Amino acid sequence: MSVQQYDRIGEAFEGFKSLPLMRYGEVPSFLGMVGDVTGKSVLDLACGTGFYSREFKRRGATDVFGVDISAEMIAAARELEQREPLGVRYEVGDVARLRRLDRRFDIALGVQCLNYAEDIAAMERMCRNIHRSLVPGGEFFVLAQKPDYRFDCASLETYGFRCEPTGEESETGPRVRVTALLDPQPISIVSTAPRREVYESCLRASGFSAVEWVPLQVSEAGIRAFGEEFWADVLAHPPLEMLRCRA
């Protein structure tokens, strides 16, 4: 499911990061949670077109390796690397079947990654492969649909997105359709919103510890641009949440 969806999007996926929720919520929140990467190696799983791969390389990471199941996404990431060479490496790969890499990394990123697991067994395989790819004590940072989101942010479209349940349920949680309201053509993607206990049990079963949920925040730049009142609804009913854990 995810391969076909993302193969159709290609470089248009970069436009997601320009929408208010991404630009002033997701991106600064995720960068802030990961923190200083100077001198560290970064494994970016489900890297898409390499937005975070490039950003962490610019921020001082020594070695950045991006992996995505979509060949079109990786082609777009490599094209962007050619335009602005940063030394980021990319490879087509399925996190649930991730090959043994030639090194272990200090940091792994999973932005909208684990929520594509077909079932609990697949999520456990993904988590084990990620754990195996980290140095002892390495950190894994996740961003995904908030596990218990109730689709109750009435003004979500104001922030650039539409989020609705499909009515289907998988072993890990409900299916969700997220539409990025891009101009001129909105883009919809269907994934799963795994339950909180599914994330936690799969991570711990794979050897991760210190699992900590981290709420989404809005940057000061976002408050300056739109005012505090503009963000009140999405902060009261955030559709996204992050977590961090340690190998």
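Quick caveat, the model's predicted, so the values are computed rather than measured.
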>> List the residues meeting side chain to side chain contact (heavy atoms under 4.5 Å, CB included) with Ile223, not counting sequence neighbours, and say none if there are none.
In response: Val218, Glu228, Trp231
> Who pairs with Glu157 by salt bridge (charged side-chain N to carboxylate O under 4.0 Å, His left out), at least two apart in sequence or on another chain?
Replying inline: Arg162
>> When you compare the side chain of Leu240 with that of Met22, does any pair of heavy atoms fall below 4.5 Å?
In response: yes
> In chain order, what residues pass the salt bridge (charged side-chain N to carboxylate O under 4.0 Å, His left out) check against Glu91, with sequence neighbours excluded?
Replying inline: Arg99
List the atom pairs, donor and acceptor, that lie under 3.5 Å between side-chain atoms in residues 134-153 and the rest of the protein, sequence neighbours left out.
residue : atom : partner : partner atom : Å
Glu139  : OE2  : Arg244  : NH2          : 3.0
Glu139  : OE2  : Arg246  : NH2          : 3.3
Gln145  : NE2  : Pro239  : O            : 3.3
Asp148  : OD1  : Arg196  : NH2          : 3.0
Asp148  : OD2  : Arg196  : NH2          : 3.3
Asp152  : OD1  : His237  : ND1          : 3.4
Asp152  : OD2  : His237  : ND1          : 3.2

> Can you tell if the side chain of Val198 reaches within under 4.5 Å of the side chain of Ile120, non-hydrogen atoms only?
Replying inline: yes
> What pairs of residues pass the salt bridge (Lys or Arg N to Asp or Glu O under 4.0 Å) test when at least one of them lies in residues 126-137, not counting sequence neighbours?
Replying inline: Glu124-Arg128
> Glu81: what forms a side chain to side chain contact (heavy atoms under 4.5 Å, CB included) with it, not counting sequence neighbours?
Replying inline: Pro85, Leu86, Val88, Tyr90
>> Under the rule for side chain to side chain contact (heavy atoms under 4.5 Å, CB included), what residues qualify as partners of Arg177, not counting sequence neighbours?
In response: Glu164, Thr166, Thr179, Ser188, Val190
>> The criterion is salt bridge (charged side-chain N to carboxylate O under 4.0 Å, His left out); which residues satisfy it with Glu197, sequence neighbours excluded?
In response: Arg195
> Tell me, which pairs form a side chain to side chain donor-acceptor pair (under 3.5 Å) where one or both residues lie in residues 205-216, sequence neighbours left out?
Replying inline: Glu200-Trp213
> Partners of Glu220 by side chain to side chain donor-acceptor pair (under 3.5 Å), sequence neighbours excluded?
Replying inline: none
>> If hydrophobic clusters are built from ILVMFWY residues whose side chains come within less than 4.5 Å, do Phe161 and Leu216 share one?
In response: yes
> For the atom pair CD1 (Ile130) and CG (Leu43), what is the distance rounded to the nearest 0.5 Å?
Replying inline: 7.5 Å
> Can you find a heavy atom in the side chain of Tyr116 that is under 4.5 Å from one in the side chain of Val95?
Replying inline: no
> Is the closest side-chain heavy-atom distance between Ile187 and Phe16 below 4.5 Å?
Replying inline: yes
> Does the salt bridge (Lys or Arg N to Asp or Glu O under 4.0 Å) test come out yes or no for Arg58 and Glu84, once each step is laid out?
Replying inline: CA-CA 11 Å; Arg58 294 188 190 104; Glu84 182 188 352; 3.1 Å; yes
>> Is any side-chain heavy atom of Val67 closer than 4.5 Å to one of Leu101?
In response: no
> Do Gln217 and Pro28 have side chains that get closer than 4.5 Å, going by heavy atoms?
Replying inline: no
>> Suppose the criterion is side chain to side chain donor-acceptor pair (under 3.5 Å): which pairs have a residue in residues 31-48, not counting sequence neighbours?
In response: Asp36-Thr38, Ser41-Arg103, Ser41-Asp106, Asp44-Ser53
>> Which residues pass the side chain to side chain donor-acceptor pair (under 3.5 Å) test with Tyr199, not counting sequence neighbours?
In response: none
> Which distance, rounded to the nearest 0.5 Å, do you find between the CG of Leu109 and the CZ of Phe51?
Replying inline: 12.0 Å
